[in-house]
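Contents: one structure, followed by commentary.
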Amino acid sequence: MTGKGRILSGMRPTGRLHLGHYSVIENWARLSEDYDAYFFTADWHAITTQFDQTDKLRENKRQVVIDYISAGLDPEKCHIFHQSDIKEHAELHLLMSMITPLPWLERVPTYKGQVRQFKDQGKDIATYGFLGYPLLMSADILMYRPVGVPVGEDQLPHCEFTRELARRFNNMYNVEIFPEPEAILAKIKVLPGTDNRKMSKSYNNYINLSFTAEEVKDKVWQMITDPARIRKTDPGHPDICAVYAYHGFYNQEEQPEICAACQAGSIGCGQCKKMLTQKINDFLDPIREKRAQLETMPDLLDDIIEDGNNAARQQAQITMEMVREAIGI
Ligand code: TRP
Ligand code: SF4
């Protein structure tokens, strides 16, 4: 793995991963072939908003790692670790906080948006920790001095923040410790939620990678179809129907036929959903199998995380020595 550039990414373990995450992980797995790759659970980041719901955090972290691996990350080809196991992230966050101008944090759009959302919900929890979200993320990233960070578009402001911070640190202490990491944007077709909005935990419109066949069936059954179709013979408009969009992901071969049959009023929504349920379950079966295997081997999972932690810690220690030296502490 030496000689390859490093990349790093992570997700907040706020619950199980869903179908929308699958293509993200698939992309990570692909990148693992070409880079020295680090993937982690951002458990400290999860607490920046869910500080009052930490009872499931440990279990969620574990499940996210199981999701990562069963969806295709190969622990032989990348390092999987937990953010909070590498305490150096906290030290770098602290030291970086000394040189981060407050307005840089206050103008990050995700922060402004979240504060607005909290206000709308009648909550007033703009915490110090949450304000520091992008800074902690910068520490996560810069710790590994990566060439790139595979993220979704929503994370671009955080990546830009990270690049500015890297520049500021290097200039301030007259060093060249931190390269400016590039965001690696994947050309991923985004799967909508079962209600055609963005797939998200808060909308309850997701299908988890860990759903049983029965849970998938229930979720597909609840999907809203073209409201113009009351009888089976009513001509439908597949382009406004989420079930149809899903066929494009999980049943590409039959999608054109379904389109024609829906428009002609020759297929019922029930049958269309039944077909989709089958396809999603076929897709999930190998993932379920892997998950079941991992669940029965807790020691293996512990070993994978320990190996990942060790690899991450080794890089983190190298970076922190340089950082302490540069600051003179
Ligand atoms: N903010 C990211 C998200 O919500 C998670 C994250 C935390 C992350 N630290 C990171 C992603 C470092 C990439 C690199 O998806
Ligand atoms: Fe949607 Fe299928 Fe019903 Fe057409 S037949 S409206 S595509 S569920």
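One-based numbering, in listed order, for ligands and for the atoms of each. Bear in mind that the values here come from a model prediction, so they are computed numbers and not experimental data.
Under the 30°/60° scheme for interplanar angles, the aromatic rings of Y246 and Y250 are found to be tilted. Between Y38 and H79, the ring planes are tilted. Angles from 30° to 60° get that label.
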| message | Using side chain to side chain donor-acceptor pair (under 3.5 Å), reason through N204 and K219 one step at a time and then give a plain yes or no. | response | CA-CA 10 Å; N204 191 23; K219 204 72 200 182; 3.2 Å; yes
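Of the charged side-chain nitrogens involved, none lies within less than 4.0 Å of a carboxylate oxygen, so that K4 and D36 do not count as a salt-bridged pair.
Counting only protein N, O or S atoms, 1 lie closer than 2.8 Å to atom 4 (Fe) of ligand 2.
A heavy-atom distance below 4.5 Å is found between the side chains of L135 and L105. Looking at L142 and M96, their side chains come closer than 4.5 Å, going by heavy atoms from C-beta outward.
Near ligand 1, heavy-atom contacts under 4.0 Å come from S9, G10, R12, F40, A42, H45, Y133, M137, D140, I141, V149, V151, Q155.
Other residues, nucleotides and ligands contribute at most 12 non-hydrogen atoms within 6.0 Å of the CD1 atom of I224.
Residues P146 and P179 come closest through the heavy atom pair O-CG, 4.3 Å.
The one candidate from Y133, F169, F161 that meets the side-chain contact (heavy atoms from CB on, under 4.5 Å) condition with S138 is F161.
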